[in-house]
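Side chains included, hydrogens not; waters and symmetry mates left out as well; all remaining heavy atoms used. Lettering of chains follows the sequences in order, A, B, ..., and the numbering in each one begins at 1.
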Protein chains: 2
Amino acid sequence: MTSIKDIARLAGVSPSTVSRVLNEREYVRDEVRQRVLSIVKEKGYVQNNVARSMVLKRSFTIGVVIPHLFNMFQRQLFASMEFFLEQRGYKTQFFFIRWSEASEQAFLRRLKSETLDGIIFIHELYSPAVYQHIQERGLPVALCTFEKDQFDFPAVHIEEEASAALATEYLIQRGHRNIGLITGGHFSFGKQREEGYRQALKAHGIPCNPELMVRVPSYNPEAGRSGMITLLTRKLPMTAVFAATDELAIGAIKALYDSGIRVPEEVSVIGLDDIDISTFTTPALTTVRQPIFEMGKKSADLVCDWIARGHMQEKVELFSTTIVERESVRSLA
Amino acid sequence: MTSIKDIARLAGVSPSTVSRVLNEREYVRDEVRQRVLSIVKEKGYVQNNVARSMVLKRSFTIGVVIPHLFNMFQRQLFASMEFFLEQRGYKTQFFFIRWSEASEQAFLRRLKSETLDGIIFIHELYSPAVYQHIQERGLPVALCTFEKDQFDFPAVHIEEEASAALATEYLIQRGHRNIGLITGGHFSFGKQREEGYRQALKAHGIPCNPELMVRVPSYNPEAGRSGMITLLTRKLPMTAVFAATDELAIGAIKALYDSGIRVPEEVSVIGLDDIDISTFTTPALTTVRQPIFEMGKKSADLVCDWIARGHMQEKVELFSTTIVERESVRSLA
DNA sequence: ATAGCCTCTGAAAAGGTTTTCATCTAGAGA
DNA sequence: TCTCTAGATGAAAACCTTTTCAGAGGCTAT
């Protein structure tokens, strides 16, 4: 591999000068610049990033960490982030963390020895040790899809409770009173969305029946299906279900279909997220839209801006959500 | 940040000795080892990976590159790879390439300046320049989901044509004669699957009607939907459709549903891939299963083994596919 | 007793880049 | 003519490891 020294020798200048040319510094004669550049091109020379990182103490790499699962929502977010990160000249290093103390410990160890310039979290981690380390180190960070009050980090997310209330209210306004809930146990948004559901019921004077609520261990369609089956076996009157995520909703619709219950004629289903696939379920899923692409961009921007500026700035970036009317909810009126 | 020198000073030994302890080399007195280790622990010291990379000329990083799209199939493959890569002590750097000459050129530049230990491709790239560079450099590589005959690289994939023929034959055996095809233009597997479809028809003496075949520009549900609509507007007799991927099939089912055509009563649909979501479509998608998880693992193994061994070994790893019978195909008999 | 070997340890070089500091040259102003 | 300044360049240090080489000390076998 050709190094900067080789180029320097060939161009009859010092490595310093070559470095200056490469990094577009001033104080290089135009003639010299041209000569160096032409030799760089001729030799197909490219800078050695490891050596650069070493002296610059920067890696031009942003870590994106996804804990616990890697579902469709996270994929869309991740794709969006990678897109904008690359636009701003950063590489994306992917961290996938299993939901266990041990896995998070291992991640912390990796993190410490890594020279990341910044880090983005999609959904929160279990233990605060990682956040603590990041804060002590002053590593630029963005929290996407959650907020960690105990730490002063910029965060990108939606108003979880309000969004869940929006979905529930949508059902109430269409005459539904016996509304089931399927949500997950992990992650704060699962509880927040449950809370939004409760609030909406309360606001309309509808008693909250614990028998109509079910918590499943994950957020994938399989969990949604099992949640729906649980709900069905209780044989309560129920004309609609709010599934805390679209993936749960997809599973719920499947369970209803398998039980011969028509959606939305007999039971309406509403989700929350608006992932790509939700347009393509049968019936198409009525849901609450999170601006996933924009949220990915914002997360990338927050970290990159922090790095560029040298210090943190914005604290919380709230995105608003909207109902997307499709086919899975029926009006009882 | 504490460095190896600080540890050395504190332990009253030389950096060499600390390095030996850290890397579990022999020739260190046990007493010294203990002393160093305790100071390492006390100071929370971790090795600087950039410096290590520099001298070792290894980065412990494998690049995973996904060209053009980032669909559900690729996501599952990617998740599998990351899982096994991490198990073997490698970090995963993610590269997403848009389908353009410029984007591939940019990737090549990035690749050259990177100190990757190996690289995995999911689906093929357009230009051979990247493969050429990798071959010249002797970089360990695995091609997942395709094979590039002109280069001598290990590859992990299924028998595309045979798998497509399997799907088509499944329809033929159930009495279907007017079978539509929806496939994509990009990527070799699109054409190979089309070829498998042709072969199966031919093997059963069924004439191949170009009017029943449609090529769409992508492999997502939206493309599948538009493909199905095209097919429907031709108003030909058609009792079944083979969609070259599950995502296309999902879109096709949606288009049928929207047109009031029942699946599978009026038109049967079969896909190929067996992605997670295919269990949850309504009706559940009958498809041909690729062992995605195993293929991800094998790809990771191929690269890691190559690195460990120092030279390439296996050439092609063929995985076999099987029909997964669900609900979207009806027997005409 | 001595040669030879083995274990343990440290000094120093190497890896490729950036940056600071010093030096040199040329031109401007007095 | 001399001094000053600004532009252009190079030498060398620094970044943090690992590894080679050499040397010291102790033990064994002759």
Are a donor atom and an acceptor atom from the side chains of Arg309(B) and Gln313(B) found within less than 3.5 Å of each other? yes

Answer yes or no: does a side-chain N or O of Asn23(A) lie under 4.0 Å from OP1 or OP2 of dT18(C)? yes

Find which nucleotide of DNA chain C each of Val28(B) and Lys57(B) is nearest to by heavy atoms, and output the residue with the more 5' nucleotide. Val28(B)

Would you indicate what Gln47(A) reaches in the nucleic acid, counting non-hydrogen atoms under 4.0 angstrom: base, sugar-phosphate, or nothing? sugar-phosphate

In this structure, how many angstroms lie between the C1' atom of dG7(D) and the CZ atom of Arg33(A), rounded? 13 Å

Minimum heavy-atom distance Ala300(B)-Phe84(B), with the two atoms named: CB-CB, 4.0 Å

Considering only dG10(C), dT9(C), dG10(D), which nucleotide approaches the side chain of Arg29(B) most closely? dT9(C)

Just how far, in rounded Å, is P of dT19(C) from CD of Glu24(A)? 14 Å

Provide, to the nearest angstrom, the distance between the CD1 atom belonging to Ile4(B) and the C1' atom belonging to dC15(D). 14 Å

Go through the side-chain N and O atoms of Gln93(B) and Thr61(B) and say whether any donor and acceptor fall under 3.5 Å apart. no

Using whole Å, what does the distance between atom C1' of nucleotide dG15(C) and atom CG of Asn48(A) come to? 9 Å

Salt bridge present between Arg110(B) and Glu86(A) (N-O < 4.0 angstrom): yes

Pick base, sugar-phosphate or nothing for Val50(A), based on heavy-atom distances below 4.0 Å to the nucleic acid. nothing

Nearest to the side chain of Ala51(A), heavy atoms from C-beta on, is which of dT17(C), dT17(D), dT19(C)? dT17(C)

Distance check: side-chain N/O of Arg20(A) vs OP1/OP2 of dT18(C), anything under 4.0 Å? no

Please determine if a side-chain N or O atom of Tyr27(B) lies less than 4.0 Å away from the OP1 or OP2 oxygen of dG25(D). no

Whether Arg25(A) contacts dT18(C) is assessed here as follows: a side-chain N or O lying under 4.0 Å from the phosphate OP1 or OP2. Is that the case? no

So, OP1 or OP2 of dC16(D): does either fall under 4.0 Å of a side-chain N or O from Arg52(B)? no

Length of the line joining Leu22(A):CG and dG16(C):P, which is rounded to integer Å: 15 Å

Any Lys/Arg nitrogen of Asp301(B) or Lys298(B) sitting under 4.0 Å from an Asp/Glu carboxylate oxygen of the other? no

Which part of the nucleic acid does Ser3(A) contact within heavy-atom distance under 4.0 Å: base, sugar-phosphate only, or nothing? sugar-phosphate

In this structure, how many angstroms lie between the P atom of dG15(C) and the NZ atom of Lys5(A), rounded? 7 Å

Distance check needed: dT9(D) C1' versus Glu26(A) CD, whole Å only. 14 Å

Would you say the side chain of Thr17(A) and the base of dA8(D) hold a donor-acceptor pair, judged only by whether the two atoms sit under 3.5 Å apart? no

Spacing between Glu31(A) atom CD and dT9(D) atom C1', to the nearest angstrom: 13 Å

Kindly say whether Thr115(B) contributes a backbone atom to a donor-acceptor pair with the side chain of Ser59(B) at under 3.5 angstrom? yes

DNA chain C: 5'-proximal contact among Asp30(B) and Met54(B) (nearest heavy atom): Asp30(B)

